[in-house]
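See below for the structure under consideration.
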Number of protein chains: 2
Amino acid sequence: MSSSYASLTSALKQAGLRLTPQRLAICRFLAESREHPTAAMIYEHLRPEYPSLSAMTVYNTLKALVELGQVNALGDCGDDNVHYDADTSPHINLACISCHRIMDLPAPQIEALDGEISRASGYQLLGARLMFYGLCPDCQKTRVL
Amino acid sequence: MSSSYASLTSALKQAGLRLTPQRLAICRFLAESREHPTAAMIYEHLRPEYPSLSAMTVYNTLKALVELGQVNALGDCGDDNVHYDADTSPHINLACISCHRIMDLPAPQIEALDGEISRASGYQLLGARLMFYGLCPDCQKTRVL
DNA sequence: TATTTATTTATATTTATTATAAATAAGATT
DNA sequence: AATCTTATTTATAATAAATATAAATAAATA
Ligand SMILES: [Mn+2]
Ligand SMILES: [Mn+2]
Ligand SMILES: [Zn+2]
Ligand SMILES: [Zn+2]
């Protein structure tokens, strides 16, 4: 389950940032998307509705949300693009190195890990990005490699 | 425990790639390093010994080792640099978002996860990059934020 | 040794992201 | 409401990591 639209927008507001139409649209897309979008994907998706939208605004808003801990930057999944995840709860991201889709898997074990890692390392944990890589069922069929 | 020098070099050899002095030096550094180096770190470290070394050779060798499954590209840890890990066994990488060091934690639970994920998703798993982010004990003391 | 092939190096190019500054919008003040 | 002030957006330029290209070098083969 992704961070809700409400939690994204209220985090921005609490940080003293204005809830502009552009920022609200970016939050809405992040909250509704299940596809771990890149900055470019967000920009292209919103452009029809906001023709004057600039890529800078997308980058700035993503940066703010990441710094507020509302969004994770997952990094690339073989396509050289940084993918973002509005679901910051501990879960496994499963990326296909062929079609570059990223799906989620619930992982109850991970929640338990958190406490153990803190204890073992002395770290103050702030977030996790758990990526497994492989070939999705579809790509296993079609892939020649 | 990192991939050994021997397994890195024999993987290159088996792939039909020549074991040049530059490639051997890169493998040696990867096998001996515990600091999850970036391409730039490898380049700078080897330059005194190999003054003619080109950054392209570092990028090419890393790319080959990643494609052979001998090295993982962990992605950035808040410093906008891709870090590499010659330890491809399932383990947790714990990155400090302040000093950007990455340490390893053994995680027996992770090995069990692998099978469960395959079963649940139908994916053919090829690797994992497990990053936890936080503040290391040192940075918890000094950090103002 | 000569020939072929792989690799390295040097250089140019690409491209995602960041920086900068002007234009615009919003909020506050009178 | 009109003016002032600040935040935000946009357009543009700059940055820098990674990639592509091609000449130079090294290694393997005949
Ligand atoms: Mn996810
Ligand atoms: Mn590691
Ligand atoms: Zn796929
Ligand atoms: Zn630290």
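Here is the naming used below: chain letters follow the sequence lines, and residue numbers restart at 1 for every chain. FYI, side chains are in, hydrogens and waters are out, and symmetry mates aren't considered; it's all heavy atoms of this structure. Fair warning: this is a prediction, and the values are worked out from it, not measured in the lab.
Atom CG in Asp76(B) sits roughly 11 Å away from atom P in dT17(C) (whole-Å rounding). In this structure, Lys63(B) atom NZ and dA17(D) atom C1' are separated by 15 Å, rounded to whole Å. Across the protein-nucleic acid pair, Asp80(B) atom CG and dT18(C) atom P stand 6 Å apart, rounded to whole Å. Following rounding to the nearest Å, Leu46(B) (CG) and dT9(C) (P) show an atom-to-atom distance of 11 Å. Atom pair Tyr59(B):OH and dT9(C):P shows a separation of 15 Å (rounding to whole Å applied). Rounded to whole Å, the distance from NE2 on His83(A) to C1' on dA16(C) is 13 Å. Rounding to whole angstrom units, OH of residue Tyr84(A) and C1' of dA16(C) are separated by 10 Å. Separating the CZ atom of Arg47(B) from the P atom of dA10(C) is a distance of 10 Å, rounded to the nearest angstrom.
Formation of a donor-acceptor pair under 3.5 Å by the Ser33(B) side chain with backbone atoms of Leu30(B) is not found in this model. Put simply, the side chain of Arg101(A) never gets that close to the backbone of Ala95(A): no donor and acceptor are under 3.5 Å apart.
Ser4(B) and Ala31(B) make their closest contact through C-CB, 4.0 Å (heavy atoms, listed as atom of the first residue, atom of the second, distance).
The pairing partner recorded for dT29(D) is dA2(C), the criterion being a Watson-Crick or G-U wobble arrangement whose two distances lie under 3.5 angstrom.
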Listed pairs, N/O of protein and of nucleotides 3-8 of chain C, under 3.5 Å:
residue	atom	partner	partner atom	Å
dA6(C)	O4'	Arg18(B)	NH1	3.4
dA6(C)	O4'	Arg18(B)	NH2	2.9
dT7(C)	OP1	Arg18(B)	N	2.7
dT7(C)	OP1	Arg23(B)	NH1	2.8
dT8(C)	OP1	Thr20(B)	OG1	2.3
dT8(C)	OP2	Arg23(B)	NH2	3.4
dT8(C)	O3'	Gln22(B)	NE2	3.0

Decide yes or no on salt bridge (charged side-chain N to carboxylate O under 4.0 Å, His left out) for Arg28(A) and Glu32(A), but give the supporting numbers first. CA-CA 6 Å; Arg28(A) 197 176 322 118; Glu32(A) 288 170 0; 5.4 Å; no
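Ring geometry, Phe29(A) versus His45(A): the interplanar angle falls under 30°, so the pair is classed parallel (tilted spans 30 to 60°).
Map Asn81(B) and Met56(B) each onto its nearest nucleotide of DNA chain D; the residue landing nearer the 5' end is Asn81(B).
The shortest side-chain heavy-atom distance between Leu130(B) and His91(B) does not fall under the 4.5 Å cut-off.
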